[in-house]
Amino acid sequence: MVLLWPSVFSLMQRLIWVQIFLAVGAAFGMGIHFMRHAGGVAGRGSWWPLLHFAKPSLVIGLLSPLSALLMRRLLAEGLSWREVGMIQAQWRVTDWVMALASGVMAIRYLPLLSAELSTATFFRLLRQMALVTLLPGAFFLLGYLWFQNSLLVFFYQVDFALSTRAAALFLLGDWVRIISWIFLYALFARRQTWAIAVGEFLSIPLFVTLVWLSPSPMNPVFVAELWLVSYCVYAIFNGFMVMRSSP
């Protein structure tokens, strides 16, 4: 659609308007579908509980892009452009591991955890979800660490890899991030929407805050340590809220 758009508009304007049209079109189509089938819905009680998830949805939807924007700006101010590019390159190449782990949690385990389960069954499924995501996640992240030079040459250019220490710290932070998501999906399953909304401030927003408070100039190892600390705090908070909500 962007390519077919009249060239009198700049590329950025075309990208923005195409995204707006697609989003509005999708919302309009879903609204018509809902209204068409609203008569068959068994009263307000069947869909009204979904509004409880508006709080974390708004917080995540607003904080994630804002935090990403601030993160890039702060990193660019504290590091060289090449170092920022190296960090971004690692995040891009390893992002599929995070997406795959999150997809398994959302598609396979969230419906199971959301059922009315006993506490023992709930935590058995939670341990199973951890086993299914953490072990393969560790395998793939360690594989990236071993082959990072070859992978980054393929996707980017020669000598674009971080130092082994910096890369390992970032990857450990990614692995802890998967742990935090295990507890996050447990909170979703238990409808702990306030805990989800508050905890979102302790992930990337906390990392951005730590970077902002840190003196310049920085180095990739120090930034990686902040990344790891942020997700340790996020995982601990989510885990604490899951245990607190247990009967």
What is the minimum heavy-atom distance between [X] and [Y], and which atoms define it?
| X | Y | result |
| --- | --- | --- |
| Gln148 | Ala161 | OE1-CB, 3.6 Å |
| Leu169 | Ala224 | CB-CB, 3.5 Å |
| Ala197 | Val59 | O-CG1, 3.6 Å |
| Ala138 | Trp175 | CB-NE1, 3.5 Å |
| Pro56 | Ile196 | CB-CG2, 3.5 Å |
| Ala186 | Leu126 | CB-CD1, 3.7 Å |

Please tell me whether [X] and [Y] are part of a single hydrophobic cluster in this structure, the criterion being side-chain heavy atoms less than 4.5 Å apart.
| X | Y | value |
| --- | --- | --- |
| Leu141 | Phe154 | yes |
| Leu131 | Met105 | no |
| Leu151 | Leu171 | yes |
| Leu100 | Phe155 | yes |
| Leu213 | Ile204 | yes |

By side-chain contact (heavy atoms from CB on, under 4.5 Å), which residues pair with [X], not counting sequence neighbours?
| X | value |
| --- | --- |
| Ala166 | Leu162, Ser163, Pro220, Val221 |
| Leu11 | Val2, Arg14, Leu15 |
| Leu22 | Met1, Val18 |
| Gln19 | none |

Rounded to the nearest 0.5 Å, what separates atom [atom1] in [X] from atom [atom2] in [Y]?
| X | Y | atom1 | atom2 | value |
| --- | --- | --- | --- | --- |
| Leu79 | Ile87 | CG | CD1 | 5.0 Å |
| Leu74 | Phe207 | CG | CZ | 9.0 Å |
| Asn149 | Phe147 | CG | CZ | 11.0 Å |
| Phe122 | Leu113 | CZ | CG | 5.0 Å |
| Cys232 | Leu206 | SG | CG | 10.5 Å |
| Trp181 | Leu187 | CH2 | CG | 15.0 Å |

field: salt bridge (Lys or Arg N to Asp or Glu O under 4.0 Å): pairs with one or both residues in residues 164-182, sequence neighbours excluded
entry: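 Sorted pair list: Arg165-Glu225.
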- prompt: Does anything in residues 93-109 pair up under salt bridge (Lys or Arg N to Asp or Glu O under 4.0 Å), and if so which pairs, sequence neighbours excluded?
  reply: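 Salt bridge (Lys or Arg N to Asp or Glu O under 4.0 Å) check on residues 93-109 returns no pairs.
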query: Within 45° of the axis and under 6.0 Å from the centre of the six-membered ring of Tyr156, does NZ or CZ of Arg92 qualify?
result: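 So Arg92 doesn't make the cation-pi contact.
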query: What residues, two or more places apart in sequence or in another chain, satisfy ring pair (Phe, Tyr, Trp, His ring centres under 6.0 Å) together with Phe201?
result: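 Residues passing ring pair (Phe, Tyr, Trp, His ring centres under 6.0 Å) with Phe201: none at all.
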- prompt: Taking only residues two or more places apart in sequence or in another chain, which ones pass ring pair (Phe, Tyr, Trp, His ring centres under 6.0 Å) with Phe183?
  reply: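 Scan of Phe183 (ring pair (Phe, Tyr, Trp, His ring centres under 6.0 Å), adjacent residues dropped) gives none.
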- prompt: More than 12 heavy atoms of other residues, nucleotides or ligands under 6.0 Å from CD1 of Ile20: is that the case?
  reply: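 More than 12 heavy atoms, drawn from other residues, nucleotides or ligands, come within 6.0 Å of this atom.
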- request: Please work out whether the ring planes of Tyr234 and Tyr231 are parallel, tilted or perpendicular, with thresholds of 30° and 60°.
  value: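 Ring orientation of Tyr234 relative to Tyr231: perpendicular.
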Taking the side chain as every heavy atom from C-beta outward, state whether [X] and [Y] have any atom pair closer than 4.5 Å.
| X | Y | answer |
| --- | --- | --- |
| Val84 | Arg72 | no |
| Leu152 | Met86 | no |
| Glu83 | Met218 | no |
| Phe123 | Val242 | yes |
| Ser180 | Leu184 | no |
| Met129 | Leu112 | no |

message: Check whether Arg191 reaches the backbone of Phe53 with its side chain - one donor and one acceptor, N or O, closer than 3.5 Å.
response: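 Checking the backbone N and O of Phe53 against the side chain of Arg191, no donor-acceptor pair under 3.5 Å is found.
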query: Donor-acceptor pair, Ser102 side chain versus Met98 backbone, under 3.5 Å?
result: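 The answer is no, because no donor-acceptor pair under 3.5 Å joins these two groups.
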query: Among all residues two or more places apart in sequence or in another chain, which pass the side chain to side chain donor-acceptor pair (under 3.5 Å) test with Ser118?
result: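 Side chain to side chain donor-acceptor pair (under 3.5 Å) check on Ser118 returns Thr121.
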Which donor-acceptor pairs under 3.5 Å do side chains of residues 63-71 form with protein atoms, sequence neighbours excluded?
| unit_1 | atom_1 | unit_2 | atom_2 | d |
| --- | --- | --- | --- | --- |
| Ser64 | OG | Ile60 | O | 2.9 |
| Ser67 | OG | Leu63 | O | 2.7 |

query: Quick one: ring pair (Phe, Tyr, Trp, His ring centres under 6.0 Å) pairs with a partner in residues 71-118, sequence neighbours left out?
result: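 Every pair satisfying ring pair (Phe, Tyr, Trp, His ring centres under 6.0 Å) with a residue in residues 71-118: Trp91-Phe170, Trp91-Trp227, Trp96-Phe140.
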Apart from Ile32 itself, residues in the same hydrophobic cluster as defined by side-chain heavy atoms under 4.5 Å: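 Besides Ile32, the cluster holds Phe28.
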Candidate pair Phe160 and Val153, rule side chain to side chain contact (heavy atoms under 4.5 Å, CB included), full reasoning: CA-CA 7 Å; Phe160 210 60; Val153 166; over 6 Å; no
